[in-house]
**Student:** 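My questions will all concern the structure given below.
Remember, it's 1-based here, ligands and their atoms both numbered in the order they're listed. Quick note: residue numbers are just sequence positions, from 1.
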Amino acid sequence: MTSDGQVAALSEFEIIRRYFTRRAHGAVLGVGDDAAIVRARRGWELVVTTDMLVAGRHFRADADPEKLGHKALAVNLSDLAAMGATPRWATLALALPRADARWLAAFSRGFMRLARRHGVDLIGGDTTRGPLNITVQAMGEVPAGAALRRDGARVGDDIWVSGALGDAALALSARRLSLTRGERARAGERLDVPTPRIALGEGLRGVARSAIDVSDGLIADLGHICERSRVASVVDLNRIPASAVVKRHLQRAAARQALLAGGDDYELVFTAGRARRAAIRRLSRRLRLKLTLIGSITRRRGSGTPVTVLDPAGRPIVTGRKGYEHF
Ligand code: ADP
Ligand code: MG
């Protein structure tokens with residue numbers, strides 16, 4: 001780092017030492033050298049992902065720093081989960097407008113707690129002064145050839161989704177929908193403190209044919225699987241698992257929009273052959289995680305929309321926005 005990039009008050013060095021240096025149990029070399037060293041297990045592949053959180057774009061600058069620390073790592077671990085990978089290591093590149101000890105303590109607490117829960121070592125990063133930006137890279141391992149990719153879906157596959165959808169997006173339109181305080185709090189937790197479905201991703205190795213995490217909305221993300229796999233899909237609206245809050249407001253367009261196109265839930269959508277139904281139901285019981293069959297993969301017809309949603313009468317519904325896209 002250059003000296004003009006130094007964060008005042010607490011020095012850059014002091015910030016790294018105090019808040020981001022922990023013993024790396026599962027790395028050859030962690031924080032403190034020019035680079036970290038890791039060793040993947042023999043017969044396993046390294047899975048690498050990066051996600052950036054930008055103030056004003058992905059969160060408000062005054063957002064709770066402990067929740068931000070959690071979320072910055074969680075969205076990356078969710079990508080590893082969607083690949084069926086076991087998380088091992090992470091790096092953290094942080095631009096901070098000022099060196100605020102209280103903010104840093106809370107941020108690192110949120111980050112480190114989630115890291116510990118999943119046995120992830122923070123092995124490096126970068127710290128500089130600048131507009132608040134949090135960029136995490138996460139690395140995990142998967143047995144060679146066993147990763148859950150977007151391009152593995154086949155015609156006839158079942159389509160499954162974990163947990164419930166719509167909460168996070170509902171939290172964003174909480175005011176418009178006049179949610180109760182309790183509803184707002186519950187939906188807000190799903191938005192601010194997402195749970196990466198790590199154990200599910202690991203359990204789906206050798207079971208699912210394709211997977212993706214729902215970060216842009218069900219229609220958009222299932223659409224990604226369809227595009228990459230060169231297939232289409234049909235989903236039943238009334239089978240999509242809605243949270244209690246979303247269910248209660250389902251007559252409102254904003255709630256249906258949250259269910260179909262709301263992002264940030266970080267549930268997994270995956271496809272699997274029909275012969276896997278029993279195995280998936282067993283996995284659901286073992287993980288105590290709801291897994292719901294919502295539709296099936298179909299043949300692709302021309303350049304039509306890859307995701308068709310049917311209403312309870314079996315009529316295709318117009319789904320409007322595909323999901324949240326930045327550009
Ligand atoms: P360099 O000048 O070689 O890039 P730095 O001074 O930027 O080194 O970083 C020193 C050490 O601290 C490196 O091991 C780097 O990976 C680590 N590091 C810097 N910032 C962070 C951070 N926010 N979280 C974790 N490790 C960090
Ligand atoms: Mg550096």
**Student:** Please indicate whether any nitrogen or oxygen in Gly125 is less than 3.5 Å from any nitrogen or oxygen in ligand 1.
**Tutor:**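 Yes, there is a polar N/O contact under 3.5 Å.
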**Student:** Go through ligand 1 atom by atom and flag the ones less than 4.0 Å from a non-hydrogen atom of Asp34.
**Tutor:**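 By the 4.0 Å cutoff, the relevant atoms are 3 (O).
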**Student:** Please answer whether the main-chain N or O of Ala93 pairs with a side-chain N or O of Asp126 as donor and acceptor at a distance below 3.5 Å.
**Tutor:** no
**Student:** Taking heavy atoms and a distance under 4.0 Å, where does Asp126 meet ligand 1: side chain, backbone, both or neither?
**Tutor:** both
**Student:** Does Gly32 reach ligand 1 with a nitrogen or oxygen that is under 3.5 Å from one of the ligand's nitrogen or oxygen atoms?
**Tutor:** yes
**Student:** Does only the side chain of Leu122 get under 4.0 Å from ligand 1, or the backbone, or both, or neither? Count heavy atoms.
**Tutor:**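 The answer is the side chain of Leu122.
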**Student:** Of all the atoms in ligand 1, which lie at a distance below 4.0 Å from a heavy atom belonging to Gly124?
**Tutor:**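 Here the atoms of ligand 1 in question are 16 (O), 24 (N), 25 (C), 26 (N), 27 (C).
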**Student:** Judged by atom type as modelled, is there a donor-acceptor pair below 3.5 Å linking the side chain of Asp311 to the main-chain atoms of Ile317?
**Tutor:**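 Not at all, since once roles are kept as given, no pair shorter than 3.5 Å links the two residues.
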**Student:** Quick one: does Phe20's side chain get under 4.5 Å of Val31's, heavy atoms only?
**Tutor:** no
**Student:** Sub-3.5 Å donor-acceptor pair from the side chain of Asp265 to the main-chain atoms of Gly166, do we have one?
**Tutor:**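 Side chain of Asp265 to backbone of Gly166: a pair is present.
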**Student:** Report, in ascending order of atom number, the atoms of ligand 1 lying under 4.0 Å from any heavy atom of Glu12.
**Tutor:** 6 (O), 7 (O)
**Student:** Given the rule in the salt bridge (Lys or Arg N to Asp or Glu O under 4.0 Å) test, do Arg149 and Asp151 qualify, once you have shown the distances and angles that lead to the verdict?
**Tutor:** CA-CA 5 Å; Arg149 299 160 45 143; Asp151 61 4; 2.7 Å; yes
**Student:** Anything under 30° is parallel, anything over 60° is perpendicular, the rest tilted; go ahead and classify Phe270 against Trp160.
**Tutor:**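 Rings of Phe270 and Trp160: parallel, under 30°.
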